[in-house]
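Chain letters run A, B, ... following the sequence lines, proteins first and then strands; every chain starts at 1. Being a predicted model, the structure only gives us computed values, none of them experimental. Basis for what follows: all heavy atoms, side chains included, without hydrogens, waters or symmetry-related copies.
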2 protein chains.
Amino acid sequence: MSQARPTAPRKTRIQAQNEELILAAALDVFSSLGYRGSTVDQIASKCGLSKPNLLYYFRRKEDIYFAVLEKILAEWGDTLKSLDPDGDPIEEIGSYIRQKLRLSRDNPRASRLFANEILQGGESIGDFLKGPVRSLLHEKAAVISRWIREERINPIDPYHLIIAIWATTQHYADFDVQLRAVLDERERSLEAAERTLIALFCDGLRPRLP
Amino acid sequence: MSQARPTAPRKTRIQAQNEELILAAALDVFSSLGYRGSTVDQIASKCGLSKPNLLYYFRRKEDIYFAVLEKILAEWGDTLKSLDPDGDPIEEIGSYIRQKLRLSRDNPRASRLFANEILQGGESIGDFLKGPVRSLLHEKAAVISRWIREERINPIDPYHLIIAIWATTQHYADFDVQLRAVLDERERSLEAAERTLIALFCDGLRPRLP
DNA sequence: TCCGTACTTGACCAGCCGATCAAGAATTTA
DNA sequence: TAAATTCTTGATCGGCTGGTCAAGTACGGA
């Protein structure tokens, strides 16, 4: 699967270089047009290769798509590992939000590709979701549950908390078009989003009376 | 635009009936396959009409899409009008969350179609976003700003607050596939989501000390 | 009942797109 | 340098899909 040519067990310099080119172009195209909306020609011309040449490295359009997906899922897995069980709960969750927000800003196309895939039924990543993501979620939920038991944070459902964090942070990548149409430039700063979300998740809206 | 036949100023019984059939089927198909992934044939066979017959009512595939979009945007506009400026802030925001969450549950396909459209660049709804949605957002933001000035809720950015509400509530429709893969049946109840979000937005995570 | 209009459809077309192939160019290896 | 391998591409194919058309059928008013 990671080998373009089944007959070639090792990667040439040219091969590695072109595959990288292709995957970069493919992320670009797939994330903005969706799988079905993208054509092999578009990807090829975006990276300056001919269509048959591209199909020499990846036999099928599907294979390109899978390769892109695989790549971004791997990167994501790495970045999701934080949330130190031994740290201060509020600090940890705050920095988790910050981190995910930055990921949204720095890698919006990956986020959109993922969103697209989910909306389309997510068949290609079902195993990934049911495996790594699921266990990661449960692991983090357990940490949060412990924090709740120790009365270091308010008692809320840990699963829905994490989902809320995912939803709010990814939203800045996935719905960027909407935000651009609806917010003024000045209101769209990452800092404002960061401040608001952290304030919200930490202290909520209700004023502390005394 | 609302008339399928430019030469026919009035709607026949059959016409009204078939257009409704078509739009229902189209929402179904478009929302699960996206615009480019859907075919006119699929929509036609889903509502038991032949393809040419469908294209008799809507000349182009695009026209069907626009009609569906127009319909759901109109319905949405209606449901978004709540948030009474004279009510209790916490109550109002809570009931707004509840309302949007129920909308997600009762009309997930509309939500997904919308998300799909945004991800694809949202050209078809640019005017809608820059117009009605934008002014609605500003209107609500003004209300929230007043509540903040009156010190009835904590000072946070009203725009990002509303966006956070949109993000979290729509997420339950748009990312349903992911939630199914990652959560157990029991954890996926609307009630849990409702409770968690409202607790989060109202009181946050940090315990009140005294 | 008859006539005009609205509706329906099988057959068909043109363009696009994924994929193939054979043949030539470049690069590596010996 | 020569042979072997890898890389590149123009030409082409077949299937799918949006859209058309002509011919027929149902409907509704007089």
Side-chain angles (χ1 to χ4, degrees), chain A residues 1-26 28-30 32-69 120 123-124, chain B residues 1-26 28-30 32-69 120 123-124:
Chain A
M1 168 147 278
S2 63
Q3 292 299 331
R5 308 266 77 187
T7 50
R10 295 191 39 158
K11 280 198 186 180
T12 316
R13 201 191 67 249
I14 296 179
Q15 200 174 119
Q17 178 184 317
N18 278 345
E19 282 182 7
E20 198 173 334
L21 267 174
I22 293 169
L23 291 183
D28 227 40
V29 175
F30 281 138
S32 65
L33 276 344
Y35 177 74
R36 315 226 188 197
S38 309
T39 72
V40 177
D41 255 326
Q42 288 170 324
I43 300 172
S45 71
K46 169 146 283 184
C47 59
L49 300 179
S50 67
K51 182 169 66 168
N53 197 10
L54 194 150
L55 288 167
Y56 166 76
Y57 290 103
F58 297 89
R59 281 178 133 88
R60 304 156 157 262
K61 183 188 178 186
E62 255 191 347
D63 293 343
I64 314 175
Y65 185 67
F66 289 152
V68 174
L69 223 40
Q120 251 40 246
E123 279 177 57
S124 320
Chain B
M1 168 146 277
S2 63
Q3 292 300 332
R5 307 267 80 188
T7 50
R10 296 191 38 158
K11 281 199 184 180
T12 318
R13 200 192 68 250
I14 296 179
Q15 200 174 119
Q17 178 183 316
N18 278 346
E19 282 182 7
E20 198 174 335
L21 267 173
I22 293 169
L23 291 182
D28 227 38
V29 175
F30 281 138
S32 65
L33 277 342
Y35 176 73
R36 316 228 188 196
S38 308
T39 72
V40 177
D41 256 327
Q42 287 170 324
I43 300 172
S45 72
K46 170 144 283 185
C47 59
L49 300 179
S50 66
K51 180 169 67 166
N53 197 9
L54 194 150
L55 289 166
Y56 167 78
Y57 290 103
F58 297 89
R59 281 178 134 86
R60 305 158 157 264
K61 184 187 178 187
E62 256 191 347
D63 293 344
I64 313 175
Y65 186 66
F66 289 152
V68 174
L69 223 40
Q120 255 33 252
E123 280 178 54
S124 320

Please report the distance, rounded to the nearest Å, between [atom1] in [X] and [atom2] in [N].
X	N	atom1	atom2	result
A/F58	D/dC7	CZ	P	13 Å
B/R13	D/dG29	CZ	P	10 Å
A/Q42	C/dC17	CD	P	7 Å
B/I14	C/dT9	CD1	P	12 Å
A/Q17	C/dT27	CD	C1'	13 Å
A/I22	D/dT8	CD1	C1'	12 Å

Closest non-hydrogen atom pair, B/L69 against B/S124: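 Looking at all heavy atoms of both residues, the shortest contact is CD2-CB, 3.9 Å.
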Side-chain N or O of [X] versus OP1/OP2 of [N]: is the shortest distance under 4.0 Å?
X	N	answer
A/N18	D/dT8	yes
A/N53	D/dG10	no
A/Y56	D/dC7	yes
A/T12	D/dC7	yes

Beyond-backbone contact of B/E62 with B/Y35, side-chain heavy atoms, under 4.5 angstrom: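 Yes, at least one pair of side-chain atoms sits under 4.5 Å.
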Close side-chain approach of A/V68 to A/Y65, heavy-atom, < 4.5 Å: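 Not touching, per the 4.5 Å side-chain cut-off.
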Between atom [atom1] of [X] and atom [atom2] of [Y], what is the distance when rounded to the nearest 0.5 Å?
X	Y	atom1	atom2	value
B/L49	B/I43	CG	CD1	11.0 Å
A/N18	A/N53	CG	CG	6.5 Å
B/I14	B/Y57	CD1	OH	6.0 Å

A/K61 to A/F30, cation-pi by 6.0 Å centre distance and 45° axis angle: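 No cation-pi geometry.
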Out of C/dT9, D/dC7, C/dT28, whichever nucleotide has its closest atom nearest the side chain of A/Q15: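 The nucleotide sitting nearest to the side chain is D/dC7.
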Anything under 3.5 Å between a protein N or O and an N or O of nucleotides 17-21 of chain D, put it in a table, one pair a line.
from	atom 1	to	atom 2	distance (Å)
D/dG18	OP1	B/S38	O	3.2
D/dG18	OP1	B/K61	NZ	3.3
D/dG18	OP2	B/V40	N	2.9
D/dG18	N7	B/K51	NZ	3.0
D/dG19	OP2	B/K61	N	2.7
D/dG19	O6	B/K51	NZ	3.2

